[in-house]
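Computed from a predicted structure; not experimentally measured.
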Number of protein chains: 2
Amino acid sequence: MSQNSEWSASAAIWSTRTSLARLDNKWSALVVIALGRGSGLRFGDLRTLVEGVSAKVLTETLRDLERDGLVLRHAYAEVPPRVVYELTELGCTLHAPMRELGDWAERHAEEVLAAREAFDAAR
Amino acid sequence: MSQNSEWSASAAIWSTRTSLARLDNKWSALVVIALGRGSGLRFGDLRTLVEGVSAKVLTETLRDLERDGLVLRHAYAEVPPRVVYELTELGCTLHAPMRELGDWAERHAEEVLAAREAFDAAR
DNA sequence: CTGGATCCCTGGGGATACTG
DNA sequence: CAGTATCCCCAGGGATCCAG
């Protein structure tokens, strides 16, 4: 491992990878960020906030997040139906780092795009 | 937007999504985390550290990261060949939030798995 | 309004073999 | 050692229609 063979990163990164699986999904990330801001968002709200997501995929995403204990689902037996989602306590702890990543993306979007153009132009 | 209609999250999340595209890739995340720790890692080192990645995918991932100005590639014309990768300054700024996400994943992996089992058991 | 059910298709990414 | 080149597969996810 070159000159830094002392760190047992192998195992660490591997375990990271396991639960990073949920985070590698852009929809999951966006949903968590959205839910972390507003509290108690409805399905329709999320569809609007997370632009470009289809109902099917949003449903699946929410179910997976619920399954992983990150999101709570409250369904009210009304007509018309109303379903509200919110982050669990665990989900809230995820929101912070996720949000920072989102902030990074916003802050450096231009730089990335510029670098990309420069790279492409060089070919 | 329920009761919190004042935040213009729509645009914010959307722009986030654009450059979050690179981050939604689990391989990208793992590579950035790995490169942020060791300085100047070789291709083979990365293959080892990021377990499970194929040579092809690692190559593509590194190329994309280089394209986005996050990674620098140094190839030495030797026999046998030696190629060293390192984070750019921009890449370093990404490493911090990425690392936090990785830390979150490590810290809460068990909780997530437990929640998942509980959820599945309930069906 | 909130989703479940279907169909379908693209591309991420794995396996394998080869080259400079 | 560090890739390239192919082949190939399947799951993520879009579109559409239906239902409680």
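Remark: C1' of C/dG3 and CG of A/Leu46 are 13 Å apart, rounded to the nearest angstrom. Note: OH (B/Tyr76) to P (D/dG3) measures 13 Å, nearest angstrom. The CZ-C1' distance, from B/Arg82 to C/dG20, rounds to 17 Å in whole Å. Atom NZ in B/Lys26 sits about 11 Å away from atom C1' in C/dG14, given to the nearest Å. At whole-Å resolution of the value, CG in B/Asp64 and P in C/dG11 are 14 Å apart. Here the P atom of nucleotide D/dC1 and the OH atom of B/Tyr85 are 15 Å apart, to the nearest Å. In this structure, CD of B/Glu60 is placed 8 Å from C1' of C/dG12, rounded to the nearest angstrom. Taking atom CG of B/Asn25 as the reference point, atom C1' of D/dG13 lies 16 Å away to the nearest angstrom.
At a cut-off of 3.5 angstrom, counting only N and O atoms as typed in the model, there is a donor on one side and an acceptor on the other between the side-chain of B/Lys56 and the base of C/dG14.
To the nearest 0.5 Å, atoms CD (B/Glu111) and OG1 (A/Thr93) are separated by 7.0 Å.
Linking Ile, Leu, Val, Met, Phe, Trp and Tyr whenever their side-chain heavy atoms come within less than 4.5 Å puts A/Ile33 and A/Leu90 in one cluster. In terms of hydrophobic clustering, with Ile, Leu, Val, Met, Phe, Trp and Tyr side chains grouped at heavy-atom distances under 4.5 Å, A/Val57 and A/Leu65 are assigned to a common cluster. Note on B/Leu49: it does not cluster hydrophobically with B/Leu72, by side-chain heavy-atom contacts below 4.5 Å among ILVMFWY residues.
Residue A/Arg42 places at least one side-chain N or O under 4.0 Å from the OP1 or OP2 atom of C/dT2. Remark: A/Arg63 is in phosphate contact with C/dG4, judged by side-chain N or O atoms under 4.0 Å from OP1 or OP2.
Within the 4.0 angstrom heavy-atom criterion, no nucleotide atom of any strand lies near A/Arg47.
The side chain of B/Pro81 lies closest to D/dC1 when the candidates are D/dC1, D/dG14, C/dG14. Distance from the side chain of A/Pro80 is smallest for C/dC1 among the nucleotides D/dG13, D/dT4, C/dC1.
The minimum heavy-atom distance between A/Arg116 and B/Asp68, with the atom names listed, is NE-OD1, 2.7 Å.
Each of A/Arg73 and B/Val57 was matched to the nucleotide of DNA chain C holding its nearest heavy atom; the match closer to the 5' end belongs to A/Arg73.
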